[in-house]
Amino acid sequence: MIAAKVQDAFSFRVSHIDRSSRFGLVFWALLLILLAAAPFWGDRQTMRLLGEIYSYIALASLWNLLAGYAGLVSIGQQVFVGLGGYVLYVGALAGGLPPLLCVPLGGLLCGVLAVPVVLVLFRLRGAYFTIGTWVLAEVFVQVFQQVKAVGGGSGISLPAVVVKSIAQSRDGREFLIYWLFLALVVAVIGLIVTILRTRYGLALTAIRDNEMAAKSNGIDVNRTRLIVFVAAAFANGMAGALIFLQKLSITPFSAFSINDWTMNVIFITVIGGIGRVEGPILGAVIFFVLREFLADYGSAYLIVLGVIAIVVMLKARRGLWGYVADRYGWQLFPLARRLERTRIVPDAAAAAATIEAH
Amino acid sequence: MEWVNIIFQGVLLGGLYALFAAGLSLIFGVMRLVNIAHGDLIVAFAYMAYFVMAALHIGPFTSLAVIVPAAALIGYGLQRGLLNWTLGEELPPLLVTIGLSVIIQNLLLVFFTFDTHRLHAGDIEIASVQFLPDLSVGVLPLIQFAVAVAIIAGLQIVFYRTALGRAFRATSDDPVVAQLMGLETRHIFAMAMALSLAVVAVAGVFIAIRTDFNPFYGPQLLIFGFEAIIIGGLGSLWGTLAGGILLGIAQALGGQFNVGWPFLAGHVVFLAVLIVRPQGLFPKVAL
Amino acid sequence: MALLEVNALDAFYGDFQALFGVSLKVEEGQIVSVIGANGAGKSTLLQSIAGLIKSAPDMIAFDGAPIGAMRAPQLVRQGIALIPEGRRLFSSLSVGENLLVGGQVGRPGPWTLDRVFDLFPNLKHRKDQRSTSLSGGEQQMVAFGRALMTNPRLLLCDELSLGLAPIVVKEIFARLPEIVREGVTVVIVEQDIVQALSASSHVYCLQEGRVTLGGPPAQLSREAIKAAYFGV
Ligand SMILES: Nc1ncnc2c1ncn2[C@@H]1O[C@H](COP(=O)(O)OP(=O)(O)OP(=O)(O)O)[C@@H](O)[C@H]1O
Ligand SMILES: [Mg+2]
């Protein structure tokens with residue numbers, strides 16, 4: 001065998017990982033194990049609270065994907081949350097479907113519905129798009145109030161038979177729903193990180209930073225936005241189905257509540273850090289801590305949140321996480337793109353080139 | 001004749017919607033700011049009028065003498081103290097006014113509870129004039145419509161015939177060069193907001209005489225104003241008036257079919273315009 | 001005392017430094033030109049003087065008073081006007097309205113709508129036309145007139161010749177003496193070196209944010225200017 005003459009060669013590859021994101025991966029893995037085991041160490045109360053936090057992290061992450069990356073500020077996402085919830089109830093009650101099957105079904109319906117919705121709303125630019133989403137949400141609330149089959153204004157609740165079909169024991173149900181919430185939030189964040197790492201992510205970041213420049217560089221802005229909006233609607237629908245599966249009853253007001261499913265979500269994202277994957281997670285933690293302290297004050301709580309959000313917007317536009325991340329260069333998800341020069345042998349270089357080109 | 005009557009009601013109501021819209025599109029035109037808290041400010045002015053009327057024992061129309069200047073001052077202060085700092089990028093003004101909207105709603109809730117209120121104008125509320133044997137129209141809506149049209153005409157004059165309006169348009173075209181001409185853009189923006197809120201205060205008092213309101217009524221009004229703008233076509237005040245009237249008619253007709261439908265009918269017309277003619281029915285024509 | 005004095009001026013765009021210790025003097029009644037290649041920092045210099053870019057107070061003195069920290073609208077009131085690069089007329093305003101915006105500060109002085117129309121007669125019958133419908137040269141005249149309407153003591157002109165035919169450039173430059181006679185001091189930034197040298201009594205050359213040459217045109221050799229301009 002002739003020894004191959006090994007020559008040094010340089011190759012460039014895009015790296016997403018740095019030290020802080022490597023630390024981040026370990027951190028998330030440990031946290032995930034800990035949280036997945038919550039049924040073994042936490043009481044019912046803790047699990048419910050955690051489940052709620054997960055649902056908000058999921059909703060806020062999706063809103064962040066829309067507003068922070070795609071430049072689509074929507075105040076109508078409650079439509080998809082509510083619709084997902086209603087699909088579950090109608091599917092289980094009228095269709096006799098197993099409730100857990102109705103969860104992805106809810107997502108699917110929302111995703112499909114999002115297409116015509118987007119095509120109409122995309123005729124509105126910027127802030128007018130925002131109000132357009134609001135009008136749409138109004139339309140849904142008013143239609144659902146009229147539809148007697150889903151209980152009209154007074155809503156419907158999930159009968160015991162259906163509830164029991166999820167799992168026989170109460171603990172069993174609570175555990176299952178808890179894990180589903182956890183799975184949802186992991187899936188949503190996983191999806192977002194994946195999207196951001198593909199070329200759609202690059203396109204989104206370009207759009208976020210400068211829409212005109214993105215357009216002139218051949219990025220199909222509307223197509224990218226459409227895909228993101230539909231994906232978000234799909235995930236919002238699933239989240240809604242899960243949320244109302246846990247609540248056991250649904251009314252048009254709770255389903256399409258702008259405060260619950262949009263305003264709170266906006267505050268979480270803005271405070272945590274818009275345009276950062278970590279932002280909504282930090283924001284949700286802050287939100288729930290504040291809620292523990294201020295819950296007794298009712299509307300004062302929302303006033304305080306509003307004030308905090310405004311101050312953050314004025315003083316730290318990329319939110320608390322953005323502030324920290326900019327300062328110390330932290331990232332807990334492997335997202336930043338850096339060109340890395342690697343020294344490799346020629347054969348490996350060719351192989352690497354093929355892989356990287358993929 | 002009944003239909004004529006209904007359409008007439010719609011037209012008169014539409015005048016008020018146009019007034020909401022005029023305030024909204026004025027500030028959008030000058031500084032590209034969409035004030036999500038617009039409707040909540042309208043409601044806040046209605047509450048202010050309620051308070052002033054009780055304190056001074058005056059009627060809603062007289063209260064305007066206090067409310068309108070107060071609204072202008074609030075607008076000026078709000079712009080200089082807060083909103084000017086958000087301009088430049090797309091997200092901050094939007095998110096800050098969303099926060100403002102939530103704050104105003106909940107402040108109103110704290111002070112006035114969830115109970116609905118209404119401003120009472122006395123006998124004029126039931127007075128009407130007989131136009132035709134079958135067509136009688138309330139005096140109050142008629143007056144309100146006339147005032148709304150007059151205010152919109154006034155805005156048109158301010159915008160196109162005065163130095164302030166010229167400064168508005170110049171600043172809107174190029175704020176940097178406007179500064180090179182000695183215009184204090186921060187002041188100009190604040191003046192635009194003051195004017196917008198002064199207009200909106202009138203609209204707020206008017207609508208509060210006609211319907212019950214509560215602290216969460218604002219978004220509805222924002223949406224009506226917004227729909228009037230889109231139906232009429234961006235950037236044209238007369239178009240906005242037409243848009244408001246069309247919206248009013250749609251709502252009045254919708255209400256005839258089903259009590260739950262007036263707003264829905266309005267939304268449907270709005271969506272239809274958006275689909276068929278996204279530039280609006282009467283888009284701005286060149287100078 | 002000089003009307004305008006720039007002392008060791010630094011200017012930044014974020015982290016990027018565009019001007020490094022630029023110093024120059026403009027005496028009342030002079031026409032001073034600033035030349036330099038693309039990106040030398042000429043516009044940055046004018047924008048700093050006009051208050052669009054903030055500086056330390058002492059870096060710029062106008063009539064002996066420190067003005068470095070003042071904003072553009074305040075400086076317009078003090079009598080500093082800038083004709084921006086590329087004209088930048090208010091596109092939704094008519095020609096007349098563009099001029100009137102300039103007059104809106106209400107500084108007293110010789111320049112009125114009629115005086116501007118005397119200076120640029122072409123504009124008179126285009127008064128009600130939209131500003132975007134004019135030719136490039138006419139647009140430059142409107143931009144010029146608009147700045148004059150603020151009745152400045154110091155007029156800063158950023159590349160009047162940009163994109164204009166030589167004959168039009170000549171026509172506009174021919175107006176400068178009349179403007180100076182009315183008591184206006186003029187600073188022109190130009191890439192058209194010949195035009196700049198012949199119009200001015202003093203010239204400064206900028207290169208990569210630094211002053212590389214300064215003096216009366218008559219005393220500067222072609223070689224010196226070339227070296228200062230291109231850095232060869
Ligand atoms: N807004 C800005 N942001 C960042 N850098 C800028 C900005 N404006 C100018 N620069 C940079 O500052 C330097 C000086 O620019 P300036 O516009 O002052 O040059 P100039 O001499 O006027 O050039 P030109 O003859 O092309 O007009 C250049 O390197 C330019 O890239
Ligand atoms: Mg320049």
Side-chain angles (χ1 to χ4, degrees), chain A residues 67-68 71 73 75 116-117 119-132 134-143 145-146 152-153 208 211 258-259 262-264 266-267 269-271 274-275 297-315 317-318, chain B residues 24 28 32-39 82 85-86 88-110 114 215-216 219-220 222-227 229-230 234 258-268 270-275 277-279:
Chain A
V73 178
I75 22 186
V117 163
L119 292 181
V120 175
L121 290 183
F122 273 9
R123 291 162 175 247
L124 298 164
R125 308 284 330 135
Y128 282 143
F129 169 86
T130 304
I131 310 183
W134 206 341
V135 174
L136 199 84
E138 281 292 305
V139 170
F140 272 89
V141 182
Q142 281 161 20
V143 167
Q145 278 171 351
Q146 303 289 315
R208 179 192 67 183
E211 188 177 335
I258 186 170
N259 275 344
T262 299
M263 289 307 175
N264 284 343
I266 293 179
F267 288 146
T269 315
V270 166
I271 293 171
I274 199 164
Y297 296 97
S299 35
Y301 171 55
L302 278 168
I303 297 173
V304 170
L305 271 183
V307 170
I308 295 178
I310 289 179
V311 170
V312 166
M313 213 58 234
L314 292 178
K315 298 292 172 198
R317 289 200 174 175
R318 295 267 165 230
Chain B
L24 196 61
F28 180 76
R32 301 284 171 273
L33 177 122
V34 173
N35 181 8
I36 300 287
H38 191 72
L82 179 66
W85 305 99
T86 67
E89 288 172 54
E90 193 163 329
L91 286 185
L94 203 50
L95 297 177
V96 166
T97 54
I98 287 175
L100 205 58
S101 158
V102 171
I103 292 172
I104 294 173
Q105 285 173 14
N106 286 283
L107 279 178
L108 291 176
L109 186 63
V110 170
F114 197 79
F216 299 104
Q220 196 111 124
L222 167 73
I223 286 175
F224 293 160
F226 162 74
E227 289 179 335
I229 292 177
I230 300 294
L234 272 179
N258 181 323
V259 280
W261 278 11
F263 300 156
L264 209 50
H267 298 328
V268 168
F270 158 76
L271 290 173
V273 168
L274 204 54
I275 292 166
R277 205 179 147 83
Q279 73 275 35

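All values below were derived from every heavy atom in this structure, side-chain atoms included, with hydrogens, water molecules and symmetry-related copies excluded. Letters A, B, ... are given to chains in the order of the sequence lines, protein chains preceding strands, and every chain is numbered from 1.
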So which atom in A:R123 and which in B:P278 form the shortest heavy-atom distance, rounded to 0.1 Å?
NH1-CG, 3.1 Å
Quick one, A:I266 and B:V102 - any side-chain contact, counting heavy atoms below 4.5 Å?
no
Greatest number of non-hydrogen atom pairs under 4.5 angstrom with chain B, of A:V135, A:I75, A:L124, falls to A:V135
Side chain proximity check, A:Q142 to B:F263, heavy atoms < 4.5 angstrom:
yes
How far does CD1 of B:I98 sit from CZ of A:F267, to the nearest 0.5 angstrom?
8.0 Å
State the CH2-CG distance between B:W85 and A:L314, to the nearest 0.5 angstrom.
9.5 Å
Testing the basics here: between A:E138 and B:I223, what is the closest heavy-atom pair and its distance to 0.1 Å?
CG-CD1, 3.5 Å
Taking side chain as everything from C-beta outward and backbone as N, CA, C, O, which of these in A:V120 sits under 4.5 Å from a heavy atom of chain B? Side chain, backbone, both or neither.
both
NE2-CD1 distance between B:H38 and A:I131, expressed to the nearest 0.5 angstrom
9.5 Å
Please round to the nearest 0.5 Å and tell me the distance separating atom CD of B:E90 and atom CZ of A:R125.
7.5 Å
How about CD on B:Q220, more than 12 heavy atoms from neighbouring residues, nucleotides or ligands closer than 6.0 Å, or not?
yes
Heavy-atom distance under 4.5 Å to chain A: side chain of B:L94, backbone, both or neither?
side chain
Against chain A, label B:I103 side chain, backbone, both or neither, depending on which of its atoms sit under 4.5 Å from a heavy atom there.
both
Write down the atom of B:P219, the atom of A:W134, and the distance for their closest heavy-atom approach.
CB-CZ2, 3.2 Å
Could you tell me which portion of B:I104 (side chain, backbone, both or neither) has an atom closer than 4.5 angstrom to a non-hydrogen atom of chain A?
neither
Closest heavy-atom pair, A:I310 versus B:G99, reported as atoms and distance to 0.1 Å, is CD1-C, 4.1 Å
Hey, does A:Y128 have a side-chain heavy atom less than 4.5 Å from the side chain of B:F28?
yes
I'd like to verify something: which residue of B:L91, B:L274, B:V34 has the highest number of heavy-atom pairs under 4.5 Å with chain A?
B:L274
What part of B:L33 gets within 4.5 angstrom of chain A, counting heavy atoms only: side chain, backbone, both, or neither?
neither
In Å and rounded to the nearest 0.5 Å, what is the CG to CG distance from A:L305 to B:N106?
9.5 Å
Checking heavy atoms, do the side chain of A:V304, its backbone, both or neither come under 4.5 Å from chain B?
neither
So A:I274 and B:L95, do their side chains get closer than 4.5 Å, heavy atoms only?
yes
